[in-house]
Participant: 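Pasting a structure here, questions to come.
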Amino acid sequence: MEMIDLPHGTVSYRAAGPEDAASPPVVFVHGFLVDGSLWSGVADLLAAKGVRSYAPDWPLGSHRRPLPRPADQSPRGVARQILAFLEALDLTDVTLVGNDTGGALCQYVLDTDASRVGRLVLTNCDAFDTFPPFPFSVIFKLLKGPRRLQFNLQPMKLRAFRHSVLGFGLLARRFDPAQSRSWIEPSLTDAGVRSDAARFLQAVDPGELNDVSTRLAGFRGPVRLAWGTADRAFKPALGRRLAGAFGDAEFVEIPGARTFVPLDAPQALADQIADIANATSSPKEPT
């Protein structure tokens with residue numbers, strides 16, 4: 001794990017792949033109550049293809065370094081944190097890849113400043129006023145507050161509950177118990193992390209994301225939606241509608257995958273990311 005100090009706080013991230021890669025860099029954006037390890041399988045597959053990627057732990061409840069209290073934890077604020085990360089590492093022509101809540105954050109990034117983003121890949125994610133979808137719209141209401149978050153996460157200590165439909169069970173076909181435990185541990189044990197997570201949930205506004213969707217067609221880079229067809233939360237119909245909002249996005253079905261496409265179908269997703277990056281990038285000029 002590497003760390004970088006940004007205006008809003010310190011971010012940990014995993015980098016994989018050659019530093020002198022000819023392909024554009026890939027930056028991953030995960031969802032609520034998971035961290036950058038969600039992308040590890042995809043990152044390793046991309047590295048084997050010669051693609052450099054970055055998987056930060058965004059401050060969404062599974063990060064291990066609380067942010068200073070003044071940090072803006074609204075979705076728009078987290079999008080600015082993503083942009084600060086790109087700027088700090090001087091990443092340009094980025095292939096931005098989002099999943100779950102992270103897909104919504106990618107939309108906020110484009111709406112805020114798309115100058116460093118060359119192309120976009122979205123897997124199953126929030127869109128329009130589906131932010132979040134049922135049943136997570138109910139679950140998130142139970143977590144809106146540090147004390148409520150700590151109390152309602154207690155059952156997640158049990159693997160059976162954690163991997164049930166009341167936990168992560170709807171999101172993937174299978175989980176590594178140690179990984180899923182590591183996702184909830186920070187919010188269970190650190191009051192600062194709980195505060196960051198609760199402030200994000202309190203600022204989620206489906207109406208605002210719906211408004212952002214009206215401007216997505218202004219992004220001129222290639223867009224591909226790699227959508228798991230077995231998802232009961234973010235159904236394919238939502239993905240197809242989101243593709244239409246961009247005007248010229250490609251919609252690709254990932255059979256059998258649920259929300260966490262990076263876990264259920266890492267090879268298929270890595271292939272889609274590498275394909276769109278290599279098809280739209282130009283070789284680096286020699287220095």
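Predicted, not measured: the structure shown is a model, and the values here were computed from it.
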Participant: I'd like to check the salt bridge (Lys or Arg N to Asp or Glu O under 4.0 Å) partners of R224; sequence neighbours left out, ordered by chain and number.
Facilitator: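 Scan of R224 (salt bridge (Lys or Arg N to Asp or Glu O under 4.0 Å), adjacent residues dropped) gives E250, D275.
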Participant: So, does S62 use its side chain to make a donor-acceptor pair with the main chain of W183 at under 3.5 Å?
Facilitator: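 Side chain of S62 to backbone of W183: a pair is present.
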Participant: Run the salt-bridge test on R220 and D248 with the 4.0 Å N-O cut-off and return the result as yes or no.
Facilitator: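 No salt bridge links R220 with D248.
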Participant: Mind jotting down which residue pairs meet the salt bridge (charged side-chain N to carboxylate O under 4.0 Å, His left out) criterion with at least one end in residues 47-64? Sequence neighbours excluded, please.
Facilitator: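 Every salt bridge (charged side-chain N to carboxylate O under 4.0 Å, His left out) pair that includes a residue of residues 47-64, provided the two are not neighbours, is R14-D57, D35-R64, K49-D271.
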Participant: Which residue pairs satisfy the ring-ring contact (aromatic ring centres under 6.0 Å, His included) criterion with at least one member in residues 91-124, sequence neighbours excluded?
Facilitator: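 Not a single pair qualifies under ring-ring contact (aromatic ring centres under 6.0 Å, His included).
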Participant: Under a 4.0 Å threshold between the charged nitrogen and the carboxylate oxygen, would R116 count as salt-bridged to D113?
Facilitator: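 Salt bridge: no.
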Participant: Does any pair with a residue in residues 72-107 pass ring-ring contact (aromatic ring centres under 6.0 Å, His included), and if so which ones, sequence neighbours excluded?
Facilitator: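 Only Y13-F85, W58-F85 qualify under ring-ring contact (aromatic ring centres under 6.0 Å, His included).
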Participant: If we ignore angles and hydrogens, is there a donor and acceptor under 3.5 Å between the side chains of S180 and R162?
Facilitator: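 Yes, a side-chain donor-acceptor pair sits under 3.5 Å.
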Participant: Test of understanding: with ring pair (Phe, Tyr, Trp, His ring centres under 6.0 Å), list the residues that count as partners of F234, not counting sequence neighbours.
Facilitator: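 By the ring pair (Phe, Tyr, Trp, His ring centres under 6.0 Å) rule, F234 matches no residue at all.
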Participant: Which pairs with one or both residues in residues 254-263 pass side-chain hydrogen bond (donor to acceptor under 3.5 Å, both in side chains), sequence neighbours excluded?
Facilitator: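 As it turns out, the side-chain hydrogen bond (donor to acceptor under 3.5 Å, both in side chains) pairs with a partner in residues 254-263, which skip direct neighbours, are D231-T259.
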Participant: Run the side chain to side chain donor-acceptor pair (under 3.5 Å) test against S74 and tell me which residues pass, sequence neighbours left out.
Facilitator: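 Once residues adjacent in sequence are excluded, the partners of S74 under the side chain to side chain donor-acceptor pair (under 3.5 Å) criterion are D72.
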Participant: Mind checking whether E208 and R76 have side chains closer than 4.5 Å, heavy atoms only?
Facilitator: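 A side-chain contact exists here, since the closest heavy-atom pair is under 4.5 Å.
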Participant: Ignoring hydrogens and angles, write down the donor-acceptor pairs under 3.5 Å from the side chains of residues 169-177, residues two or more places apart or on other chains.
Facilitator:
residue	atom	partner	partner atom	Å
R173	NH1	G256	O	2.7
R173	NH2	D264	O	3.1
D176	OD1	A178	N	3.0

Participant: For D211, check side chain to side chain donor-acceptor pair (under 3.5 Å) against everything at least two apart and list the hits.
Facilitator: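 Only R215 meet the side chain to side chain donor-acceptor pair (under 3.5 Å) criterion with D211.
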Participant: Restricting to pairs with a member in residues 182-191, which pass salt bridge (charged side-chain N to carboxylate O under 4.0 Å, His left out), not counting sequence neighbours?
Facilitator: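 Those involving residues 182-191 are R181-E185.
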Participant: Can you list the residues that meet the salt bridge (Lys or Arg N to Asp or Glu O under 4.0 Å) rule with R240, with sequence neighbours excluded?
Facilitator: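 Only E253 meet the salt bridge (Lys or Arg N to Asp or Glu O under 4.0 Å) criterion with R240.
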Participant: Using the test ring pair (Phe, Tyr, Trp, His ring centres under 6.0 Å), find all partners of F28 that sit at least two apart in sequence or belong to another chain.
Facilitator: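 For F28, the residues satisfying ring pair (Phe, Tyr, Trp, His ring centres under 6.0 Å) (neighbours in sequence not counted) are W39.
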